[in-house]
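As the structure is a computational prediction, the values presented were derived from the model and not from experiment.
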Amino acid sequence: QQTEQRISRSDMIGQTVTWTSSNLEKTGEIVAVVPPGEHPSTDLTPKVKEPGAPRDHDSYVVKAQGKHYWPRVSLLSIA
């Protein structure tokens, strides 16, 4: 039986993650945690272009290739 590992929000900052978007694999570093029901804060994190609807779970702003992304958590893998 596999035990789920719990990772706190603060532990995610600085994690290197990978995900695929538009058939391109991207690798970047988590720079901010976005609480459920919120968009990335323009005060605390760089603007994310067209963020879409708020998520109903913790999500993350990732810096990759000099840009900031707000990928779906289900697409992220810890590198």
| message | Could you go through Tyr60 and Val33, starting from their C-alpha distance and side-chain angles, then the distance that decides it, and tell me whether this counts as side-chain contact (heavy atoms from CB on, under 4.5 Å)? | response | CA-CA 5 Å; Tyr60 309 99; Val33 178; 3.9 Å; yes
What closest approach, in Å, do [X] and [Y] show between heavy atoms, and which atom pair accounts for it?
X: Ala53; Y: Trp70; value: O-CH2, 3.7 Å
X: His68; Y: Val31; value: CD2-CG2, 3.9 Å
X: Val73; Y: Ser59; value: CG2-CA, 3.7 Å
X: Asp58; Y: Pro36; value: OD1-CD, 3.2 Å
X: Gly28; Y: Ala64; value: CA-CB, 3.9 Å

| message | Run the side-chain contact (heavy atoms from CB on, under 4.5 Å) test against Glu29 and tell me which residues pass, sequence neighbours left out. | response | none
What's the separation between atom [atom1] in [X] and atom [atom2] in [Y], rounded to the nearest 0.5 Å?
X: Thr18; Y: Lys26; atom1: OG1; atom2: NZ; answer: 12.0 Å
X: Gln15; Y: Ile78; atom1: CD; atom2: CD1; answer: 4.5 Å
X: Glu38; Y: Arg55; atom1: CD; atom2: CZ; answer: 13.0 Å
X: Leu76; Y: Met12; atom1: CG; atom2: CE; answer: 7.5 Å

| task | Measure the acute angle between the ring planes of Tyr69 and Trp19, then classify it against the limits of 30° and 60° as parallel, tilted or perpendicular. | result |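 Geometry flag for Trp19 against Tyr69: perpendicular rings.
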